[in-house]
Structure formats: C-alpha cells, structure tokens
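The chain is numbered in sequence order, starting from 1.
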Amino acid sequence: MSDIIKTIESALDKVADPKYGSDGLNIVISYNKEASLADAKKVQALLDQTDSGPLAGVPLIVKDNIATLDTPTTCGSKILRGYQSPYEATVISKLRAAGAIPVAKANMDEFAMGSSTENSSYGPTKNPLDPTRVPGGSSGGSAAAVAAGIAPIALGSETGGSIRQPAAFCGIVGVKPTYGRVSRYGLVAFASSLDQIGVFANNVKDAAVATYITAGKDPRDATSADVAVPGYSEANDLNGMTIGIPKEYFPESLDSGVRARCNAAIEALKSAGASIKEISLPHSSLAIQTYYIIAPAEASSNLARFDGVRYGVRKSGNGDLTSMYETTRTEGFGDEVLRRIMLGTYVLSHGYYDAYYKKALSVQSLIRQDFSNAFRDGVDAIFTPTTPTTAFKLGAVTDPYEMYLSDVFTATANIAGVPAMSQPIGRVDGMPVGGQIIANHFDEPTMFKVATVLETTLGQDAHR
C-alpha cells in the first residue's frame with residue numbers, strides 16, 4: 001500500500017475515533033471516507049508519475065463554514081443541517097491542487113459567532129490539552145484538530161480573531177492574512193468586510209506554505225487583491241528590524257503569567273537582533289465596540305438569505321409565508337446568532353444608522369490610521385499578546401459581553417485589514433500562551449520572518 005494512502009487511512013481512523021466525535025472532544029462534524037481515499041489514490045497516481053505538489057498526501061481539516069463538495073457545509077447550525085454545497089471554495093481547490101486531501105469538517109460556533117466553540121448546534125468542542133476548557137472560537141474545532149494530531153494543517157475563518165484566539169488557546173500557529181490576500185469564495189459570509197480564511201498548523205513554516213498556496217487573485221471574489229504572492233523563505237535573524245510593542249496591549253489588568261511569557265518573547269526578539277520600540281495604537285480601546293457594531297450589522301444582512309426557502313431546514317409554521325420565515329429562523333438559529341441579528345438590525349434601523357453604524361465606520365478609519373502611522377514611523381512588525389488569559393473553563397463565561405472581550409487584542413487587525421498571526425510562546429499552569437505578530441498590508445513575508453526567528457529562538461520554551 002502506498003505511503004499516501006496509509007497516511008490518509010491513519011487520519012481517517014482518527015477522524016472516526018469516538019474520542020474526537022460527539023461523545024469525546026467533539027471536534028469532527030462530518031467526513032466522507034470513500035471520497036478522501038479516492039482523492040488519496042489520485043494524488044498517489046500523480047506522485048508516481050510526476051511532482052504532485054508541495055502538500056502531496058497531507059490530511060486537511062476544514063472548518064464547517066467553508067464549502068466542500070463531498071461533505072455537508074452546515075456552519076454548526078440547525079438551519080443548515082445536512083446542506084450539501086454544489087461547489088467548493090477556492091481555497092479547497094487550491095489546496096487540492098497542491099496535493100492536500102480534505103478528511104473531515106470541524107465543529108465551530110454557529111455561523112462563526114462566538115469565542116469558545118460553545119455556540120454550536122452540535123454541542124461544545126473541548127480543548128485537547130485540557131477537556132475541561134474551551135479550545136477558543138469560532139474555529140475551535142479546526143484548532144483542536146491540529147492540536148490533537150488529527151491532521152497537520154486545518155482551515156479556519158475569522159472575523160474578529162477566530163483563528164488567532166483558538167490557536168493561542170490550543171498551543172499552535174494560526175494565521176489571518178491581509179484582507180483580500182486569500183479568496184473568500186465559498187466561505188459562508190458572516191461580516192463580509194471583515195471575514196478572512198486562514199490556516200492552522202503546528203509550526204510557522206507549515207502555516208506559511210499553506211497560506212501562500214491559498215493566496216492570490218480570484219476572479220470569483222471581487223474583494224481578492226491582485227497582488228504578487230511571495231514564497232516562504234527561511235530566516236536566521238532579525239538584524240536591522242524594529243518590533244513595535246503597543247502599550248495599549250499591556251494593561252495593568254493583563255494576566256501576570258501571560259505578561260511574563262510575552263516579556264520573555266520580547267527578550268528573544270532582542271537576542272535575535274531586533275530593536276524594540278514602544279508605540280501607541282491609541283484607538284485600540286474602541287475596537288470591541290466598533291467590531292460589535294460593524295459585524296452584527298453585516299451579519300443581519302448576510303443571514304437574511306437563510307429563510308427556509310433556498311437553503312437547509314424549512315419549518316411550516318401556521319401555513320403562510322411569513323409564519324414559515326419566522327418559525328424557520330426562530331427554530332433554526334441559536335441564541336447567539338439571534339442576538340447578533342437583532343443587534344445588527346437595530347444599528348442599521350432608521351434613526352440609529354448615523355448614531356451607531358456610521359460612527360463605527362469612522363472609528364474603523366482611525367484604527368486603520370493607527371497601524372499606518374506605526375509602520376510609516378519605522379516599525380517593521382508589531383508584537384502583542386494574542387489573548388489576555390489562557391483558555392477558560394467550559395461554561396465559565398456566561399455573560400455575552402464578557403465573552404466578547406476575549407477578542408480585545410485580535411479584533412483590531414480585522415478592523416484594519418492587516419495580516420496577523422498567533423504562535424506559542426510558553427505556558428502558564430500547563431496551558432498555552434500565544435504571542436501575536438502583526439505586519440503591514442500584504443507584508444506577510446515580514447510577519448513570517450519574525451515568527452520563524454521567534455519560534456527558533458524560543459525553541460522548546462515555546463511549549464513549556
């Protein structure tokens with residue numbers, strides 16, 4: 001039997017293991033063994049004849065809001081239960097062309113709305129490092145799959161930090177590219193001006209290679225940018241580079257253990273040759289308020305299409321069209337999705353648009369300008385904590401606003417559209433701490449250079 005088929009069979013054995021299903025960590029939502037093995041045979045045949053791509057035979061886990069042909073795309077919601085997409089996302093096609101083989105769809109917060117993967121209609125996913133804790137969200141299933149060793153790479157999406165935050169909680173690498181760097185075609189929309197597809201991996205190189213494979217202009221996505229896509233290159237030092245440390249991301253309230261690991265990472269950057277410069281991103285304190293106006297507003301519009309007519313589940317109600325709409329959406333959407341639809345509808349309503357949504361767009365411009373000023377003034381990259389704490393306990397956060405605050409260090413990058421990533425920088429009481437690296441628009445090469453050197457310099461200290 002070929003090595004590729006053996007690799008995929010091994011991954012499928014893990015996918016089918018009850019400890020990763022609903023009776024265990026609840027990572028895997030669906031899979032198609034026959035389709036994955038058929039793909040493996042095709043890749044092996046190509047490999048026997050010629051070069052089949054840089055990811056030949058690599059198992060891939062896909063977040064359940066990214067369209068695939070061989071498995072359902074449900075967004076973790078009752079309203080799309082069993083829905084089969086008639087097409088696949090551009091990122092899936094590109095990864096297939098590079099030889100990667102999708103083996104499963106991963107659990108997620110319903111329609112990507114959440115920071116813990118506790119809002120899924122399939123039930124919460126658990127953190128593989130401590131099943132009493134959350135894996136983060138909304139891409140918690142994808143992050144947990146990589147952390148548990150089901151697959152070496154996974155796809156997630158984020159609107160306000162939903163790749164970087166679970167990467168930090170699960171002790172792996174998570175990348176959010178520049179807005180427009182990677183096509184969103186085939187990603188079920190949450191907030192279209194903020195949404196991004198990104199990669200999870202065990203190390204920086206794997207994450208960078210997969211990111212560059214998925215990047216590039218896509219004629220099916222008008223928001224994808226026609227900007228040259230560089231390849232990944234190794235780096236040994238940071239001589240001549242300046243790393244900005246924004247004071248707003250190191251408040252007195254920051255967990256002492258997280259602060260200590262960040263300070264150690266900053267020292268590692270210094271030892272690699274980087275100059276450290278304190279900077280200010282003064283409007284960062286307004287990021288959460290801005291995000292939770294813009295994102296729900298766009299979500300209320302995007303989710304209007306799920307009405308029982310065209311997609312997924314349909315509930316008859318009292319027999320008339322309006323009742324069918326109301327019953328389908330009430331029973332099909334979970335509490336968090338309904339909450340954000342109501343909030344978004346409110347801020348877009350007559351008399352409130354100018355007071356809330358228009359003002360949020362103005363603040364978004366100020367946040368973008370903060371980053372532009374930092375990079376204009378000589379900073380090559382920015383380093384911050386990814387999250388203010390390590391992974392919290394399942395069920396520990398019940399106040400929605402308190403849950404929203406877990407994105408406090410990540411939402412700014414989505415609002416500004418700049419590339420950002422999280423990587424492990426150590427542990428506190430056995431749980432991982434993530435360090436965040438942010439670069440200028442379309443400057444992923446600098447971001448990955450800093451991350452590679454930091455990963456090498458920290459060595460095993462990044463995982464203990």
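Considering Met421, Gln423, Arg164 as possible partners of Thr386, the one that fulfils the side chain to side chain contact (heavy atoms under 4.5 Å, CB included) test is Arg164.
Note: Phe375 and Phe371 have parallel aromatic rings, judged against thresholds of 30 and 60 degrees for the angle between ring planes. The aromatic rings of Phe392 and Phe169 sit perpendicular, their planes meeting at an angle over 60°, well past the 30° parallel limit.
Ser121 and Glu110 share no donor-acceptor pair across their side chains, judged by distance under 3.5 Å alone. There is no side-chain donor-acceptor pair under 3.5 Å between Asn263 and Glu267. Donor-acceptor pairing under 3.5 Å is recorded for the side chains of Thr132 and Lys393. Inspection of the Asp206 and Asn203 side chains reveals an N or O donor paired with an N or O acceptor under 3.5 Å. In this structure, a donor-acceptor pair under 3.5 Å is absent between the side chains of Lys63 and Ser142. Judged by distance alone, the side chains of Thr68 and Thr71 do bring a donor and an acceptor atom under 3.5 Å apart. Between Ser192 and Asn302, the side chains place a donor N or O and an acceptor N or O closer than 3.5 Å (distance only, hydrogens not considered). At a cut-off of 3.5 Å, with distance as the only test, no side-chain donor of Glu234 or Thr452 sits close to an acceptor on the other residue.
Remark: the backbone N or O of Thr242 is paired with a side-chain donor or acceptor of Asp380 at under 3.5 angstrom. Judged purely by atom type and a 3.5 angstrom limit, Ser138 has no side-chain atom pairing as donor or acceptor with the backbone of Met113. A donor-acceptor pair under 3.5 Å links the side-chain atoms of Thr125 to the main chain of Asn26, judged by distance alone. Thr457 places no side-chain N or O within 3.5 Å of a backbone atom of Leu454 that could act as its donor or acceptor partner.
Arg96 has a carboxylate O that lies under 4.0 Å from a charged side-chain N of Asp70, or vice versa, which qualifies the two as a salt bridge. Ion pair Lys6/Glu9 not flagged as a salt bridge, since none of the NZ, NE, NH1 or NH2 atoms sits closer than 4.0 Å to an Asp/Glu carboxylate oxygen. A salt bridge does not link Asp226 with Lys217: every distance from a Lys NZ or Arg NE/NH1/NH2 to an Asp or Glu carboxylate oxygen is 4.0 Å or more.
Scanning all heavy atoms of the two residues, the minimum distance from Pro432 to Arg427 falls at CA-CG, 3.9 Å. Of all non-hydrogen atoms in Val146 and Ala154, the two that sit nearest each other are CG2-CB, 3.7 Å.
The environment of Asp377 atom CG is dense: over 12 non-hydrogen atoms of other residues, nucleotides or ligands sit within 6.0 angstrom. Residue Asp429 places its CG atom among 12 or fewer non-hydrogen atoms of other residues, nucleotides or ligands, all under 6.0 Å distant. Crowding of Lys33 atom NZ: a count of heavy atoms from other residues, nucleotides or ligands under 6.0 Å not exceeding 12.
Two rings, from Tyr249 and Phe409, have their centers less than 6.0 Å apart. The aromatic ring centres of Phe111 and Phe333 sit less than 6.0 Å apart.
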*List the steps and the verdict of side-chain contact (heavy atoms from CB on, under 4.5 Å) for Leu286 and Leu366.*
CA-CA 10 Å; Leu286 301 175; Leu366 295 175; 5.8 Å; no
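The structure places CD1 of Ile437 at 12.5 Å from NZ of Lys449, a figure rounded to the nearest 0.5 Å.
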